[in-house]
Every structure is written in C-alpha cells, then in structure tokens.
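Quick notes on the structure that follows.
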Amino acid sequence: MSKYITTPIYYVNGEAHIGHAYTTFIADSVARYEKLRGEDTYFLTGTDEHGQKIEESAQKNGKDTQAFADEISATFKNLWDEFGISYDKFIRTTDDAHKKGVQRAFEVMYAKGDIYKDFYEGHYCVSCETFFTETQLVDGEFCPDCGRSTNVIKEESYFFRLSKYEDALLKHYEANPDFIMPRSRANEVINFVKGGLRDLSVTRTSFTWGVKMPESIKDDKHVMYVWLDALLNYVTALGYGTTEANMRYWPASVQLVGKDILRFHAIYWPAFLMSLDLPLPKHIGAHGWWTRDGEKMSKSKGNVISPKQVSDAYGVENLRYFMLREVPFGQDGDFSQRAFIDRINSELSNDLGNLLNRIIGMSGKYSDFEIDSVDVLKYHKKEIDAMNVVLDSLDAYMQNLQTHRYLEELWRLFSIGNKAIEEHAPWVKMKEDKKDEALATVALVANILAKASIMLHPIMPKTTNIIADTLNFKIDNASYKELVVNKNLLKLFNIKQTPPLFPRIEEPLMPEAPLAHPDAHKEAPKAVAQCAKEQDNLIEIGQFFQTSLKVGIVVEAEIVPKSSKLLKLKVDLGEENPRQVVAGIREFYTPESLINTHVCVVANLKPAKLMGMLSEGMLLAAKDEEGLCLIRPERPKKAGTPIG
RNA sequence: CGCGGAAUAGAGCAGUUCGGUAGCUCGUUGGGCUCAUAACCCAAAGGUCACAGGUUCAAAUCCUGUUUCCGCAACCA
C-alpha cells in the first residue's frame, strides 16, 4: 500500500518560522521512515499564494503580485532545500495544474448541487473594505477598525453545502477514532460539528487574486476563496482534474497540520472530499505550538525564533532531533537553549556519540579496527534479545506520530550498549586472555549502533549516514530489511576512525533573545524617522483646542469582570452626573487606590463601547516598557477644571 | 456561565485513551570503572499525582464540584 504524507501549504505572507519548520520536520521524518521501510511514498509540501492579503502585501512592496508570491515562495523552498527536506513535490497554488484542478473540483461539486449561488450578507465598512460580524461591531453599527459607520451589504457568493455533510462527518469520526490524532483533539472537532455547520462561502468578488471560476460557469467577477483553493492542493498535487498521474497515492496516509487549522482539515476538507466522491485521508495529525522560554512567541516581544538562525548555530539535525524528542505529539512545546543543549549533550553526545567512540577506541587497541560479529550471539544473547524487543516496538510509535516515545525507546539501545560494555569489561577480558569475548562485546555494540542508526535515519539522515559509513554499511531499504526486520548481524568489517559526531556544547550558541531577522537592528533608526515625521505633522493650535481636556475626580472604581485590563470608573467632571469611563489600567492600578484621586480626562471624545460598557471619556496616561502611569495635576483642582 | 490547554520529586516532563507496584531526563549525594566526548555503570535521597467528594476489591487514571496557572477570543478611547 502506498503512503502519502502532506504538510499544509504555507501562506506566503511572511518568512518561515519555527512552527513551519516543526510541521515540515515531522512530515519529512514520517516520509523518510516510510521510504526506508520500502513503502511507495509521496511527500508533499508547498505554498498558499492567493487572497487579498497577498495582493495588498505585494502592492505595499511595490511589486507585481505574482512576482511577490514567487519571491516568498522561493524563500520557503530554499529553506527546505537547505534543510534537506525530502519532498517529492513542492506545490504552489499559483501553478496552472492546481488552478485547473480546483476549477474541475468546483464543477463537480456544482454539478452535484453542493455549490449554489446566494448572497453573503454582512456589515461592510467601505473605507476598510472589510466585512464584520454583528458581534465585532462597536455599538452595533460602527467599524471596529476605523470607527466609521458600516452598511449592511449583500455580496453575491457561491456557497458550499457544508450543512449537508454534518451527519456523514460525525459518523466518520465515530467509525474512525484515529482519524484525528491525537485523539484528545477529536472532541473539539466533534463538538464543533454537533453545534451545527453553516454553509461555507467559497467565492469572493471583492478581490481578484485567486483561482478564476471554471469556464463552464460563466461568472467572471468571482474568484475562489481561500479554503476551497488551498485545501484542494492535496489532490491537485497528485494530478486531480488534470493528468491524474499520481492519484494512486490518494487517500493520504497522514496529513500534518498545526492545531490552529485542524478545524479546516477535519471538517471542511473531508466534506469537500465527500462531495467529490473521494476517500478521506487516513489521519489528520494536529501538532501543538512552540513557546519560547515559557512565553508565547511574538514579533513585538522580539522572541521569535528563526529556524534558520537555530540551525546555523546548532545544526539542522540537532534541531530536528530536539523538536521531535522534546514534545509529545499534539502538545505545545517550549524552546529554550538550556533544554536544547541538555538534550544534545546528554543524549546525542554522551549516549550515542560517546558509545561510538568507545568501540572505535577498543577495536583499535584490540583488533586493529576489525569488527567481527561471529561470537556476538554466543556471549550476548541477552542483549540481542532486549534489542530486538525495542526494535519491534518502534513502528507503533511512529505510526501514531509519537516521535518523542519513538526516540525515547530507541535510546534504550544505547543504554543496553553502555551497560554491556560495563558488565563485560572488554579491557579485563583482554588481560584475562579472552580476546574472543572482548571482541564479541565490541561487535555487539557495533551492531546496536548500526541498527539504531537505521531507525534514527528518518530523524537525522545525514548524521546516521556518517555512522553507517563508519560501520561500513549503507542505510537503505536493503539494510533495513537485513538488520532490522530479519535481525541479522553485520558482516566482518573494519571500523573507520571518525571524529566525535556531537561535540559537547558548553555555552549557548545564540544570543538569549534572538530576533527573527538578523537585520532587526534596523529598528533603531526607525524611531528617529518617526520624530522627523512628527515635524511634518504639525497641527494648528485651534486643532489642539478641539480637544476638551478636563480635571476629574474619581468617585467610583470597579473591576470589569472577565477582562484583564479594564477598570470601570465614575469620574466627576463638574457636570450634573459623573461620567462613566472604562480605562485599560487594571494591570497598574487597583480600584481602591483610584477613588477620590485626580485624573485628566479627554471630555469630548465620542463615546465607545468596551466589553459592552459605555465609555464616555479617556484618561491621560503615559506608558513605556516599564508600565503605565496616569497623568495627574500637581495640586488638587476642582472637578471640571479645563486643561490647556 | 465565550473557547481551549495545564496542575505528578529541586527543575523539566511521561504515564490518563483501556483503573492494577508512580516512571523518565536533568540536578544532588555516595560508590565503581578507565575503552570513551569530565564521558559510562551501580546505588541512594526526593512525590498526600492541585484540592474536596464519589464509583470501585483497587483511582494519577473514571464521575461531580472547587481552586490556581497558561493560551485564544475579547480588549488598551
């Protein structure tokens, strides 16, 4: 049976980050594993290049949209090539074949009655050119972005009859408990579906950068909208709707996604496939996210990790090992250099690398580097049996994407090797004139290393090839069958002297908070530019006096429930009634400390609703990286005193 | 009652699907070994499995409730 492994196609709106690398590493390892086992395997990755955002980004950069997409797409492809990702195809949604395939799929769904034309109704802000849902609007009318009033607009759209597939989807989840991996995520999806599915708008008329409508449906003003276009890549890559050349790989054996896009892959995608009468993928694997030293990565914190930077510092294979070993599949993981270095030193250097060095040293001294497995079974039946148990247990872990358990188990082999050396102490046997026993132990360890490196090959392809070279064999399907499946031992050979594979790392190799972009120090001149810009942005004094600033006295203050930042205040501005002001200062002031204190208030601001509460003014405050403080009059003034 | 995740040894985490002696790594302490990358091996100390109930012969695991923490969403007027 053939295997088909996919990553999501990555959106070309920014550079590859650590999450992209993580998904790709997992997929690459699974694909390499299947290939090693001799399965007919196809591994797909690529880029998602359509949509309004790309159109806009290209414009901002003053580039032709296609040229812009080409450029970013290439950065992904180049990075994967540099990382040695073994993809069979790198698909781009701007590929002709993909577009044709999507159009074909659209026709099939349309013919089946699963796609129909209707109106997409929503609150539209003309200046922002964006639709908002009712709950997003301020005061039920105003645009949350620009504050202008919105109109209810009907936009023509084609809809996919998602609602029709509700029951079929639920049945499928029930009949295939492993469809969503890890299973703990399945409930989320099931509950969402049970909550009812609304038909899905699958075309837009508000932009043009997308797959055109099929010619058979004469409706040029529409283009396909994200998910239909993007999800179909998994079959168009195999030739769906065009050559059909590789459709034998469908259905996919595993499709990897981040947990943020699980819903689309576990609901929309299977529904599309049902509509197309195609079988559903065997598994959707949803992995977690990476944090940095316990904190969420974000550009504003400057703690985003660039995979390129880490691999430059530590090596891409070490990074692959770390990411797949550190985190149980599906859970969030934390990247810290401390944890990374610990794993490299203790597992790669001490357990694996050092073990190889031990037998190179011994074989050199005892047998002029010659290693012969002839007496291994005679003296090491126990170790061989233990090793075979481990080797047989590994497949289940990989099939379930539990790479951390796979590697944990695999590492037992090195422990068996290190213990055997200790127990049999070949240096003692040599003194006792039992050379055959000493050499058997060395050969045992050589065999352990050979078999372990075959199984480690999917995760660390280059390094394990070096080990194999040292042990005079090649890692391929033939040696996999010979040494792992049939459990045979290495033939007589001469071991190569090889420098340590994993030098110990004593100090972190990257600055503690590496920035995503090596040229991020360009940030500094930006502040200067902003000052200069303010000089160009001078206002008349009259404009300033349009703002009514007043001294106010806080008469009431309370926490807004369920919000982390907001306090609800009543402020006396010398008017009939105190004003209600909602202020985002909860992190810095307790309600009690504010009562009966003076504040400065912008008094003629248009009221706004925050968390459903009216705010009739704004407090003046100064904020820097250390926090926020209110601006207050130096001496007490009457409530309502104007500031000017 | 917006959605979701988490709480297990000094630290970081497995184990929970399917109830059956609480485990791994690092660190600490003591010992051993010299083939090896200050590596390796053995041993020890260290846990009321967040809390409270319940089901059970038996609960980290299943059920109910509670607390705390972290994301997302919301939100800095």
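In this text the structure is predicted, and so the values were computed from the model without any measurement. Every chain is numbered from 1 and lettered A, B, ... according to where its sequence line falls, protein lines coming before strand lines.
- Glu174(A) CD: 12 or fewer foreign heavy atoms inside a 6.0 Å radius.
- In this structure, CD of Glu326(A) is placed 13 Å from C1' of rC24(B), rounded to the nearest angstrom.
- At a threshold of 4.0 angstrom between heavy atoms, the contacts of Asp351(A) are confined to the sugar-phosphate backbone, with no base atom among them.
- Here rC41(B) presents its C1' atom at 15 Å from CD1 of Ile416(A), a figure rounded to the nearest Å.
- When heavy atoms are screened at a 4.0 angstrom cut-off, Lys365(A) is found touching the sugar-phosphate backbone but no base atom.
- The partner of rG4(B), taking Watson-Crick or G-U wobble pairs whose two distances both stay under 3.5 Å, is rC70(B).
- Residue Lys431(A) contributes atom NZ, which lies 11 Å from atom P of rC33(B) at whole-angstrom precision.
- Across Tyr10(A), Trp289(A), Phe25(A), a single residue satisfies ring-ring contact (aromatic ring centres under 6.0 Å, His included) together with His20(A), and that is Tyr10(A).
- One can place OH of Tyr406(A) at 21 Å from P of rA14(B), the figure rounded to the nearest angstrom.
- Base pairing of rU21(B): no nucleotide in any strand meets the Watson-Crick or G-U wobble criterion (both distances under 3.5 Å).
- Pairing for rA43(B) goes to rU29(B), judged as Watson-Crick or G-U wobble with the two contacts each under 3.5 Å.
- Atom CZ of Phe340(A) is separated from atom P of rA11(B) by 25 Å (rounded to the nearest Å).
- Ring geometry for Phe322(A) versus Trp290(A): interplanar angle of 30 to 60°, hence tilted.
- One P atom belongs to rU55(B), the other to rC63(B), and the distance between them is 15 Å to the nearest Å.
- Out of rC42(B), rA36(B), rU25(B), the shortest distance to the side chain of Lys419(A) is found at rC42(B).
- Within the 4.0 angstrom heavy-atom criterion, base atoms lie near Leu501(A).
- The nearest whole Å value for the distance from the CD1 atom in Ile421(A) to the C1' atom in rA36(B) is 8 Å.
- Note: CG (Asn354(A)) to C1' (rU37(B)) measures 6 Å, nearest angstrom.
- Residue contacts for Asn418(A): at a heavy-atom cut-off of 4.0 Å it reaches the sugar-phosphate backbone alone, with no base atom in range.
- Nucleic acid contact class of Met618(A) (heavy atoms, under 4.0 Å, all strands): sugar-phosphate only.
- Comparing the same atom, C1', in rG32(B) and in rU68(B) gives a spacing of 46 Å after rounding to whole Å.
- Here, rG31(B) and rA45(B) have their C1' atoms 15 Å apart, quoted to the whole Å.
- Of the N and O atoms on the side chains of Arg358(A) and Asn418(A), at least one donor lies less than 3.5 Å from an acceptor on the other residue.
- Residue Pro500(A) is classed as a base contact, given a heavy-atom separation below 4.0 Å to a base.
- Nucleotides rG23(B) and rU16(B), compared at atom C1', are 14 Å apart to the nearest Å.
- As rounded to whole Å, 16 Å separates atom C1' of rC24(B) from atom CG of Asn350(A).
- Contact annotation: Arg504(A) reaches the phosphate of rA39(B) (side-chain N/O to OP1 or OP2, under 4.0 Å).
- Within the 4.0 angstrom heavy-atom criterion, only backbone atoms of the sugar-phosphate kind lie near Ala583(A); the bases stay farther away.
- Pair assignment for rC76(B): none, as no Watson-Crick or G-U wobble contacts are both less than 3.5 Å.
- Mapping Ser349(A) and Arg343(A) onto RNA chain B by nearest heavy atom places Arg343(A) at the nucleotide closer to the 5' end.
- For rA36(B), there is no paired base (Watson-Crick or G-U wobble, both distances below 3.5 Å).
- With 3.5 Å as the limit, one finds a donor-acceptor pair spanning the side chains of Asp436(A) and Tyr379(A).
- The C1' atoms of rC26(B) and rA39(B) are separated by 16 Å, rounded to the nearest whole Å.
- Remark: the separation of the P atoms in rU25(B) and rC42(B) is 10 Å, to the nearest Å.
- Residue-nucleotide stacking is not present for Trp427(A) and rU34(B), judged by a side-chain ring centre under 5.5 Å from the six-membered base ring centre and planes under 30° apart.
- For rC72(B), neither phosphate oxygen OP1 nor OP2 lies less than 4.0 angstrom from any side-chain nitrogen or oxygen of Lys259(A).
- Of the candidates rG71(B), rU37(B), rC35(B), the closest approach to any side-chain atom of Trp289(A) belongs to rG71(B).
- Under a cut-off of 6.0 angstrom, the local environment of CG in Asp385(A) is crowded, with over 12 non-hydrogen atoms contributed by other residues, nucleotides or ligands.
- Toward the 5' end of RNA chain B, the nearer of the two residues Leu352(A) and Ala425(A), judged by each one's closest nucleotide, is Ala425(A).
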- Could you walk me through whether Phe179(A) and His172(A) pass the ring pair (Phe, Tyr, Trp, His ring centres under 6.0 Å) test, one step at a time? CA-CA 8 Å; Phe179(A) 178 61; His172(A) 185 77; 4.7 Å; yes

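- With both ends at atom C1', the span from rA9(B) to rA60(B) equals 14 Å, rounded to whole Å.
- Atom CZ of Arg338(A) has more than 12 neighbouring heavy atoms from other residues, nucleotides or ligands inside a 6.0 Å radius.
- Rounded to whole Å, the separation between the P atoms of rG53(B) and rU61(B) comes to 14 Å.
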